[in-house]
Amino acid sequence: MANVILPSGERVVVGGAGLLAALRERGVTAAAVLVDGQVHDVRDPLPAVGEARVVSVDDPAALDVLRHTASHVLAHAVTRLYPGVKLAIGPAIADGFYYDFRFRAPLGRDDLPRIQAEMAKIIAEDLPIERVWLPRKEAEALLAERGEAYKLELLSEIPDERVSFYRQGEFIDLCRGPHLPSTGLVRHYALLDLAGAYWRGDASRDMLTRVYGTAFPTAEALAEHLRWREEARRRDHRTLGPELDLFSIQNETIGAGLVLWHPKGARVRHEIETFWKEEHYRAGYQLVYTPHVGRARLWETSGHLDFYREGMYSPMDIEGQEFYLRPMNCPFHIAIYKTHIRSYRDLPIRYAELGTVYRFERSGVLHGLLRVRGFTQDDAHVICRPDQIEDEVLACLELTLHILGAFGFRDYRVALSVRDPAHKEHYIGSDAMWEQAEGSLVRALERKGLPHVRMGGEAVFYGPKIDIHVLDSLKRSWQLTTIQFDFNEPERFDMAYIGDDGQAHRPYMVHRALLGSLERFFGILIEHYGGAFPAWLAPLQAAVLPVTEGEIPYAEGVAEELRRAGIRAEAWTRERKTLRWLIREAQVQKVPYMLVCGAREAAVGVVALRLRTGEDLGPQPVSAVVARIQDAVRARTAAI
RNA sequence: GCCCGUGUAGCUCAGUCGGCAGAGCACUUCCUUGGUAAGGAAGAGGCCGUCGGUUCGAUUCCGACCGCGGGCUCCA
């Protein structure tokens, strides 16, 4: 017997095994049962003690169950339409579900509506979904008879003697569950995409066809999700970038993954870099510049040729010496450090550089600005004494939040990556170093009030790290910041400082990048703002628009006045176009401020101010417009 | 790298069941002096991704290659 709370809030006591029947009697449609926050199948026996909460299909807790069942409906439809298809796996994922199949003939996007129509039939049939437990031998026989080679492989890895299947109509699938009670409960769904996927993500194994879809409890939620996808598509930086003339990537002429920053994109980058540099000087960093190539011995010493070779380009021969294009900046910063004997009084030393690096990425993974082969890291190396590391990490966090906040990123998720305690031998550095480093990261996060998730075994071999993910305006998560300890390179380069005891000591070194790379960050910013940059970043801040040819001299004077005040302004006088045309052009270019100059304004020395938002603020003295723009720029506000 | 899709003007895309290649925007010229998201007309612009095959004839059909897009464990 167990206490059960129904979706209505009513509490009932039912026998352990008969929950589904008991609910049916009461006319309750249950999607799943929550026991101690864990999602259970409604068909499972309830635990003897504790409280169970029955959730209906529209409960957020049942969303994964709904989607998992939707994936079975998909697989069911596919097996009806394509006899002989092989089933692989079909889980619920972050915002939907997928199912991997091996088809006999290629499947195209055009096939999706047909599959979706078949799904609609299966849903209309409202087939009851049963759970069937089979002894291992029988399960094997069943799967072998159906020729489900992938399922057999999965089965061989399940240790249990009894395995679970789910059956709906003529469709049966090896599955852990849980699932909805019947197919009719999947109502609001859509098939979205088709893609290739390796069986078990292994490039040496079969290529399967993955069908992506999503499902929601309500039509509104599904519609909202589809709108969100559409909005994300509309903001794609690969579309907006060329449209706003910000950048281009020209595979044929320049090379894949290599970015050309056009004047307008370069202007945005300049503003980002200027802000970044000023804040770094203010935070006690020293900026350095270092070369893009270095001798092979440098990369041998650093260890990159041992453990990072596949990410590096082939060496070039310069007067018989091998040189490599750099994949990282750190060896150069270390070389600067080593030009002097350093005292404990010199530390911390913080070298920062907007350092361009080149890394080999397979052609298939290149993606706009987000994944490229040449990029500029906003890199820095903090070299300090053991007693300074906690304050240094804290200062890094403060600088990070300050800089990210200026771009409107204020939702953070922090991951702390530490060693796999079971395999300490995979990591370099002593236990004491790891503990001290990790402790400093944790304490700095606590002092900053940043909650974090601890990820065991996620650290790289040379030290623990903090990664910060931000949520953009579409609530998508991007990893930007990384703060990582490096126990490797100080050792390899034999870095030292002289302590107050007169002895040489090994300093700690922390690598950190706040924005990640300027290319990737720019891509993210374009999507975050939908191309409408705030005033401080906008390539062109103000367009001065003459109504007729007669106002051209006046408009040019106004633009000149704005430029003298440090505002990026242009008088649009090149063509005699209607005001409507000029305004549309400025809107499309997402220029934040439009200054309309007609005869009325010119006569009294004012401008009519229109904002990118569509707001018409009417006649204003030029000085007031200048002050308004300067305020918005100074405050780095997203509002204009 | 691999799977699916895709490649026609600078951009967005029609089209040709094998027979001289089309639109809108952008560009050039002319007309228009226009008040808050496209005024009008004309012109120019193409190796229909590349190479090969079939054919009297290929942008179209077939093959290979190249580029681009989506994706390639969130594990029954």
Side-chain angles (χ1 to χ4, degrees), chain A residues 64 67-68 71-72 75 87-103 105-112 139 143 148 150-158 160 163-166 173-177 179 192-212 233 236 238-239 242-243 245 248-253 256 361-368 545-552 575-590 594-601 608-612 614-619:
Chain A
D64 278 358
R67 287 169 173 174
H68 194 183
S71 89
H72 272 214
L87 303 175
I89 56 169
I93 54 173
D95 40 32
F97 61 86
Y98 67 81
Y99 211 108
D100 284 350
F101 305 98
R102 173 119 181 143
F103 288 93
L107 192 75
R109 276 186 97 82
D110 302 341
D111 297 306
L112 294 184
L143 293 174
E148 296 289 5
Y150 303 110
K151 294 289 182 188
L152 278 169
E153 185 176 330
L154 294 170
L155 178 64
S156 72
E157 289 162 22
I158 303 172
D160 312 341
V163 294
S164 155
F165 283 77
Y166 280 82
D173 194 8
L174 173 72
C175 181
R176 177 163 57 189
H179 276 285
L192 300 172
D193 269 314
L194 209 56
Y198 295 110
W199 171 235
R200 318 209 104 182
D202 183 342
S204 68
R205 310 206 56 183
D206 291 349
M207 174 57 75
L208 307 174
T209 302
R210 176 168 296 179
V211 180
Y212 281 97
R233 198 191 58 74
D236 193 320
R238 291 165 305 171
T239 314
E243 215 168 275
D245 200 13
S248 61
I249 297 173
Q250 303 177 22
N251 296 280
E252 307 75 24
T253 40
E361 301 279 2
R362 291 176 307 160
S363 60
V365 307
L366 298 175
H367 183 87
L545 314 177
V547 174
T548 73
E549 201 173 345
E551 290 86 50
I552 286 179
E575 299 233 324
R576 276 166 35 212
K577 292 281 189 181
T578 59
L579 181 63
R580 287 168 64 78
W581 188 93
L582 292 169
I583 286 182
R584 182 186 140 80
E585 191 59 21
Q587 287 291 149
V588 169
Q589 292 297 317
K590 304 183 194 295
M594 291 160 235
L595 282 59
V596 176
C597 301
R600 293 201 295 269
E601 288 78 18
L609 181 62
R610 178 195 160 101
L611 303 180
R612 178 171 64 191
E615 212 178 332
D616 183 353
L617 299 179

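Proteins come first, then strands; the chains are lettered A, B, ... in the order of their sequence lines, and each starts at number 1.
The A:Met207 side chain lies nearest to B:C3 when the options are B:G39, B:C3, B:G35. With B:C72, B:G70, B:G39 as the candidates, the nucleotide lying closest to the side chain of A:Ala197 is B:C72. For A:Leu194, the side-chain atoms get nearest to B:C4 when compared with the rest of B:C4, B:G35, B:A37. With B:G34, B:U36, B:G1 as the candidates, the nucleotide lying closest to the side chain of A:Val365 is B:G1. Closest to the A:Ala599 side chain, of the nucleotides B:A37, B:G39, B:G35, is B:G35. With distances taken from any side-chain atom of A:Arg362 to the nucleotides B:G1, B:G39, B:U36, the minimum falls on B:G1. Of the candidates B:C74, B:G34, B:U36, B:C74 carries the atom nearest the A:Ile93 side chain, counting heavy atoms from C-beta on. Between B:G70, B:A38, B:U36, one nucleotide has an atom nearer to the side chain of A:Arg584 than all others, and that is B:A38.
Atom CG in A:Asp236 sits roughly 10 Å away from atom P in B:G69 (whole-Å rounding). Taking atom CG of A:Leu366 as the reference point, atom P of B:C72 lies 15 Å away to the nearest angstrom. Atom CZ in A:Arg233 sits roughly 15 Å away from atom P in B:G69 (whole-Å rounding). As a whole-Å value, the separation of A:Ile89 CD1 from B:C75 P is 8 Å. When rounded to the nearest whole Å, the span between OH of A:Tyr99 and P of B:G71 equals 22 Å. As rounded to whole Å, 12 Å separates atom C1' of B:A37 from atom NZ of A:Lys590. The CD-P distance, from A:Gln589 to B:C11, rounds to 17 Å in whole Å. The nearest whole Å value for the distance from the CG atom in A:Asp202 to the P atom in B:C72 is 15 Å.
Distances shown here put a side-chain N or O of A:Tyr212 below 4.0 Å from the OP1 or OP2 atom of B:C72. Contact annotation: A:Thr209 does not reach the phosphate of B:C3 (side-chain N/O to OP1 or OP2, under 4.0 Å). Here A:His367 does not reach the OP1 or OP2 of B:G71: none of its side-chain N or O atoms lies under 4.0 Å away. Put simply, A:Arg200 has no side-chain N or O that comes within less than 4.0 Å of OP1 or OP2 on B:U73.
Under 3.5 Å, the side chain of A:Glu551 and the base of B:G35 form no donor-acceptor pair of N or O atoms.
Nucleic acid contact class of A:Glu601 (heavy atoms, under 4.0 Å, all strands): base. Within the 4.0 angstrom heavy-atom criterion, base atoms lie near A:Ala195. Residue contacts shown for A:Arg238 are limited to sugar-phosphate atoms, with no base heavy atom under 4.0 Å away. Within the nucleic acid shown, A:Ala586 has no heavy atom closer than 4.0 Å to any nucleic acid atom. Residue contacts shown for A:Lys577 are absent, as no nucleic acid heavy atom lies under 4.0 Å away.
Only the C1' atoms considered, B:C48 is 14 Å distant from B:C20, to the nearest whole Å. The same atom, P, is picked in B:U59 and in B:C3; the two are 28 Å apart, to the nearest Å. Straight-line distance between the P atoms of B:C68 and B:C27: roughly 28 Å, to the nearest whole Å. If you take atom C1' in B:A58 and the same atom in B:C17, they sit 14 Å apart, rounded to whole Å. Remark: the separation of the P atoms in B:C62 and B:A26 is 38 Å, to the nearest Å. The P atoms of B:G1 and B:G40 are separated by 48 Å, rounded to the nearest whole Å. Remark: the separation of the P atoms in B:A64 and B:A41 is 48 Å, to the nearest Å. Only the C1' atoms considered, B:C72 is 34 Å distant from B:G53, to the nearest whole Å.
Across all strands shown, nothing is found opposite B:G45 as a Watson-Crick or G-U wobble partner with both distances under 3.5 Å. Pairing for B:G18 is absent, with no Watson-Crick or G-U wobble pair whose two atom distances lie under 3.5 Å. Nucleotide B:A23 forms a Watson-Crick or G-U wobble pair with B:U12, both donor-acceptor distances falling under 3.5 Å. Base pairing analysis places B:G67 opposite B:U6; the two distances defining the Watson-Crick or G-U wobble pair are each below 3.5 Å. Using N1 to N3 plus N6-O4 or O6-N4 for Watson-Crick, or N1-O2 and O6-N3 for G-U wobble, each under 3.5 Å, B:U55 pairs with nothing. Of all nucleotides present, only B:G40 satisfies the Watson-Crick or G-U wobble test against B:C30, with each distance under 3.5 Å. Here B:C74 sits opposite no nucleotide as a Watson-Crick or G-U wobble pair (both hydrogen-bonding atom distances under 3.5 Å).
Judged by closest nucleotide on RNA chain B, A:Gly550 is the one of A:Gly550 and A:Arg210 placed further toward the 5' end.
The closest donor-acceptor contact from the side chain of A:Arg102 to the backbone of A:Met207 lies under 3.5 Å. At distances below 3.5 Å, at least one donor-acceptor pair connects side-chain atoms of A:Ser71 with backbone N or O atoms of A:Gly90.
By the 4.0 Å N-to-carboxylate-O rule, A:Arg200 lies too far from A:Asp202 to be salt-bridged with it. Under a 4.0 Å N-O distance rule, the pair A:Lys151/A:Asp173 qualifies as a salt bridge. Comment: A:Asp100 engages A:Arg210 in a salt bridge, judged by a side-chain N to carboxylate O separation of less than 4.0 angstrom.
Checked by atom type, the side-chain pair A:Glu153/A:Ser156 shows no donor-acceptor distance below 3.5 Å.
Ring pair A:His68/A:His72 is perpendicular by interplanar angle, where above 60° counts as perpendicular and below 30° as parallel.
The shortest heavy-atom contact between A:Leu545 and A:Met594 is CD1-CB, 4.1 Å. Pairing each heavy atom of A:Ala88 with each of A:Leu154, the nearest pair is O-CD1, 4.2 Å.
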